[in-house]
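Quick notes on the structure that follows.
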Amino acid sequence: MISVTDIGNILYKDCGAFGIPVFQKGNVPTGKIDSEWIVIYPKVQQDLVYWRESFVEVNICVPDISENTADLIKLNDMERKARQLIGYS
């Protein structure tokens, strides 16, 4: 059975194709975001009847274009690239 850590590690390697820094839970920098980066965040597994269910978040971070104004165009562009990368359209 593949573990949530395995999934996180696979996504970490796959996200390297973006060419920007990728971090996993526990190694995320703090402070203001001044460049683009990705954070992989595996969630706690939940016991079910037949298997263990869990989710892994892939968070794409982009700097604001001005104070309190998100760069939604860049974020949308990166989301589209992520969907192509994982084969989800």
Side-chain angles (χ1 to χ4, degrees):
M1 174 172 80
I2 188 168
S3 72
V4 70
T5 305
D6 293 331
I7 296 167
N9 289 335
I10 291 167
L11 288 169
Y12 177 84
K13 290 176 187 172
D14 287 350
C15 287
F18 275 93
I20 61 175
V22 181
F23 303 97
Q24 292 194 45
K25 178 184 174 184
N27 295 321
V28 181
T30 58
K32 183 178 178 181
I33 297 174
D34 57 1
S35 64
E36 299 162 353
W37 29 293
I38 297 173
V39 178
I40 309 297
Y41 184 77
K43 301 232 176 156
V44 178
Q45 292 181 339
Q46 304 294 321
D47 286 328
L48 294 176
V49 176
Y50 298 108
W51 62 80
R52 299 185 119 195
E53 181 181 87
S54 70
F55 297 92
V56 178
E57 291 180 5
V58 177
N59 298 286
I60 300 170
C61 305
V62 296
D64 290 343
I65 52 178
S66 64
E67 189 171 337
N68 299 320
T69 304
D71 189 349
L72 298 178
I73 293 171
K74 181 63 177 177
L75 191 57
N76 185 42
D77 184 44
M78 293 183 71
E79 180 183 354
R80 289 177 191 273
K81 184 176 178 181
R83 288 177 174 266
Q84 289 175 345
L85 181 68
I86 62 172
Y88 182 82
S89 51

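In this chain, residues are counted from 1 in sequence order. Bear in mind that the values here come from a model prediction, so they are computed numbers and not experimental data.
In this structure, the side chain to side chain contact (heavy atoms under 4.5 Å, CB included) partners of Ser66, at least two apart in sequence or on a different chain, are Thr69.
In this structure, Ile20 and Met78 approach most closely via the heavy-atom pair CD1-CE, 3.4 Å. Shown here for Gly16 and Val22, the closest heavy-atom pair between the two residues is N-CG2, 4.2 Å.
One finds the NZ atom of Lys32 at 7.5 Å from the CG atom of Asp34 (value rounded to the nearest 0.5 Å). How far CD1 of Ile60 is from CG of Asp77: 9.5 Å, rounded to the nearest 0.5 Å.
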Can you give each donor-acceptor pair under 3.5 Å made by side-chain atoms of residues 7-15, sequence neighbours left out, with the distance rounded to 0.1 Å?
from	atom 1	to	atom 2	distance (Å)
Asn9	OD1	Gln24	NE2	3.3
Asn9	ND2	Thr5	O	3.3

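Residues Val56 and Pro42 meet the side-chain proximity criterion, which asks for heavy atoms closer than 4.5 Å.
Through side-chain heavy atoms spaced under 4.5 Å, either directly or across other Ile, Leu, Val, Met, Phe, Trp or Tyr residues, Trp37 is tied to Phe23, Val28, Ile33, Val39.
Legend: salt bridge (charged side-chain N to carboxylate O under 4.0 Å, His left out) pairs involving residues 63-74, not counting sequence neighbours, sorted by first then second residue: Glu36-Lys74.
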